[in-house]
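Each chain gets a letter, A, B and so on, in the order its sequence line appears, and its residues count up from 1. As the structure is a prediction and not an experimental result, all values here were calculated from the model.
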Number of protein chains: 2
Amino acid sequence: MRLPRPLENLIDQLSKLPTIGPKTAQRLALYILKMPGGEVKELAQSILDARFMVYPCPICGNLTDKSPCIICQDEERDRSLLCVVEEASDILAIERTGYNGRYYVLNRTFRLMEDGDLTDIDTENFQQMLQPIVQEVILAMNPTIDGEVISRYLHTIVEEKGIKVTRLAHGLPVGGDIEYADEITLRQALEGRKEI
Amino acid sequence: MRLPRPLENLIDQLSKLPTIGPKTAQRLALYILKMPGGEVKELAQSILDARFMVYPCPICGNLTDKSPCIICQDEERDRSLLCVVEEASDILAIERTGYNGRYYVLNRTFRLMEDGDLTDIDTENFQQMLQPIVQEVILAMNPTIDGEVISRYLHTIVEEKGIKVTRLAHGLPVGGDIEYADEITLRQALEGRKEI
C-alpha cells in the first residue's frame, strides 16, 4: 500500500536526520499525526526559529541569537583565559566543568584526508581574540589525529604572540577500565602521571 | 551557560517526541542549525502538511489525504474479506503479508483499566462496513488482554449479522525460540498445532 503522500514525505524528511532510521521515522510521523494541531504548529515553528534566529557569534563563534553572544558580553568572565573548541556544542560540555574563561569556536571540523591545506582556515577572527589581556590559550580539540593536526597549527599562531598554550590532558576517562584502555591513551596516562 | 532561547525551545519540543531523549534532542537541534535553510523549511512544512492534510478515511478509518482512501477506492480488493485493526499503522504490517481484502480501523486503543464501558465505542461506522458482500471478518487486535476484550465485543456484533468471524492465530513467532516462549503463547501453539 502506498502511504498518503504528505505522510510519506514526512517519513522521508525525518529519516534524513541523524540517529533516526526508517522505523523510528515512521513511528515519529504517526505520533505527529495524533498530536494536537497547536503543538504541531509550535514544533514546526521552533524548527524554523532555531534555524533562522540562531547564528555564530561574530566575535567568538558561539551559537547565539543576539550579537555579541552572552559569553562575550559577560563582564564576569576571566578574559585572560581563552579556550579554543571545534564546535559550539563542545562549549556546553566545558561549561558544565565550571570553566569561566572565554571561548573561540572554529565551527569547522578539519579533516586531514579531505581538506587540502591548513592555511585555508580563516584565522582572522581567532587572531583578533588574542588581545594582550589573554594569558593562556587552551586548545580543546577532539583527541583525534585531525584534532591534533589543527592544534599544532593553532599552537604556532598563538606562540608567535608570546602567549602560553596548553591542551587538555590525555589519560584514562574517570570510571574507565585500565584493562580496556587503548595503548595510546594508557601511554599518555603514564607519561602524564602525577605525584600523590 | 544558557543556550540561545530558540535553540533551547527546539530541544524542548524535540524531547517531547517518543524515542527522543534530551541528548538526542540536543544532537538533532544542533544538526538542524547546520542544515541548508531550504531543507529546514521543507522539514517544517512536511510536519504541518502531514498533520493537517492526512486524516482518517470516513469509511474505514485508514489514514488518507483523499476521501475515500485508496483502499476503499480500489475495485481490485476482495470485498468479501474485512480485517479489523486497532491502529492505521497495523495496516502497513498486514499489507506486507499480501492480504488483499478491506480494513476497518478502530483508531482507538481500548484500555480495560482506564476506559469505562465498551459500549462507549462508536460502532456505527463499523456496522456500516458489514454489508452482505462481507463473508468473513478477521479480528486483528493486538495479542493483549485489552485486544482480547475488544475482540470479544466486536465478535458479538458481527455474529448477530450471521457473518463468519476469525482472529489471527497465536503461536510461536517464526524465528523464535521454544525455550524462551512464554507459557501462554506455547499453550496456544500446542492447541493450534497442525498436521504436517
Side-chain angles (χ1 to χ4, degrees), chain A residues 1-14 16-20 23-24 26-37 39-56 62-66 69-71 74 87-89 91-92 94-96 103 107, chain B residues 1-14 16-20 23-24 26-37 39-56 62-66 69-71 74 87-89 91-92 94-96 103 107:
Chain A
M1 187 189 68
R2 209 182 56 75
L3 286 172
R5 200 197 46 76
L7 179 57
E8 202 161 67
N9 189 23
L10 176 56
I11 294 174
D12 282 352
Q13 294 284 342
L14 292 173
K16 288 185 198 164
L17 299 175
T19 78
I20 298 186
K23 286 248 171 184
T24 308
Q26 183 181 311
R27 181 162 170 202
L28 289 174
L30 291 169
Y31 180 88
I32 287 169
L33 288 192
K34 289 189 179 174
M35 276 166 66
E39 284 181 25
V40 175
K41 283 183 190 161
E42 274 176 42
L43 171 62
Q45 194 57 48
S46 71
I47 289 173
L48 295 172
D49 286 351
R51 175 59 182 79
F52 295 105
M53 289 166 68
V54 177
Y55 51 90
N62 182 23
L63 291 174
T64 184
D65 58 344
K66 47 185 174 253
C69 74
I70 46 167
I71 292 184
D74 189 348
E87 299 286 345
S89 48
I91 291 185
L92 298 176
I94 293 174
E95 283 289 288
R96 284 195 290 268
Y103 294 94
N107 271 327
Chain B
M1 187 190 68
R2 209 179 57 73
L3 286 173
R5 200 197 48 75
L7 180 56
E8 202 161 66
N9 189 23
L10 176 56
I11 294 173
D12 283 351
Q13 294 284 343
L14 293 173
K16 288 184 197 165
L17 299 175
T19 78
I20 297 185
K23 285 249 173 184
T24 309
Q26 183 182 310
R27 179 160 172 202
L28 289 175
L30 291 169
Y31 181 87
I32 287 169
L33 288 193
K34 288 190 180 176
M35 276 165 68
E39 285 181 24
V40 174
K41 283 182 188 160
E42 274 178 40
L43 172 63
Q45 194 57 47
S46 71
I47 290 173
L48 295 171
D49 286 350
R51 174 61 181 77
F52 295 104
M53 289 167 68
V54 177
Y55 51 90
N62 182 23
L63 291 174
T64 184
D65 59 344
K66 48 184 174 253
C69 75
I70 46 167
I71 292 182
D74 189 349
E87 300 286 345
S89 48
I91 292 186
L92 298 177
I94 294 173
E95 283 289 288
R96 283 194 290 268
Y103 294 92
N107 272 326

* **Separation between OG1 of T64(B) and CG of L3(A), rounded to the nearest 0.5 Å** => 10.5 Å
* Structure fact -> Bottom line for P36(A): the part with an atom under 4.5 Å from chain B's heavy atoms is backbone
* Asked: Considering only heavy atoms from C-beta outward, does the side chain of L30(A) approach that of E87(B) to under 4.5 Å?
  -> no
* Can you check whether K16(A) reaches L43(B) side chain to side chain, under 4.5 Å on heavy atoms? -> no
* To do: For each of N107(B), L17(B), N9(B), tally heavy-atom pairs with chain A at distances under 4.5 Å, and name the one with the top tally.
  => L17(B)
* Q45(A) portion near chain B, given a 4.5 angstrom heavy-atom threshold -> neither
* Closest-packed option against chain B by number of heavy-atom pairs under 4.5 Å, given T24(A), I20(A), I32(A) -> I32(A)
* Interchain contact, F52(A) with chain B, by part (heavy-atom threshold 4.5 Å) -> side chain
* Asked: With side chains defined as the heavy atoms from C-beta onward, is the minimum distance between L10(B) and R51(A) less than 4.5 Å?
  -> no
* **Minimal non-hydrogen separation, A50(B) against P6(A), with atom names** => CB-O, 3.8 Å
* Asked: In terms of heavy-atom pairs under 4.5 Å with chain A, which of V40(B), L7(B), I11(B) leads?
  -> V40(B)
* To do: Taking the side chain as every heavy atom from C-beta outward, state whether R5(A) and M53(B) have any atom pair closer than 4.5 Å.
  => yes
* Among L48(B), L14(B), D49(B), who wins on heavy-atom pairs under 4.5 Å with chain A? -> L48(B)
* To do: For D74(A), check salt bridge (Lys or Arg N to Asp or Glu O under 4.0 Å) against everything at least two apart and list the hits.
  => R77(A)
* Asked: Residues in salt bridge (Lys or Arg N to Asp or Glu O under 4.0 Å) with E42(B), at least two apart?
  -> none
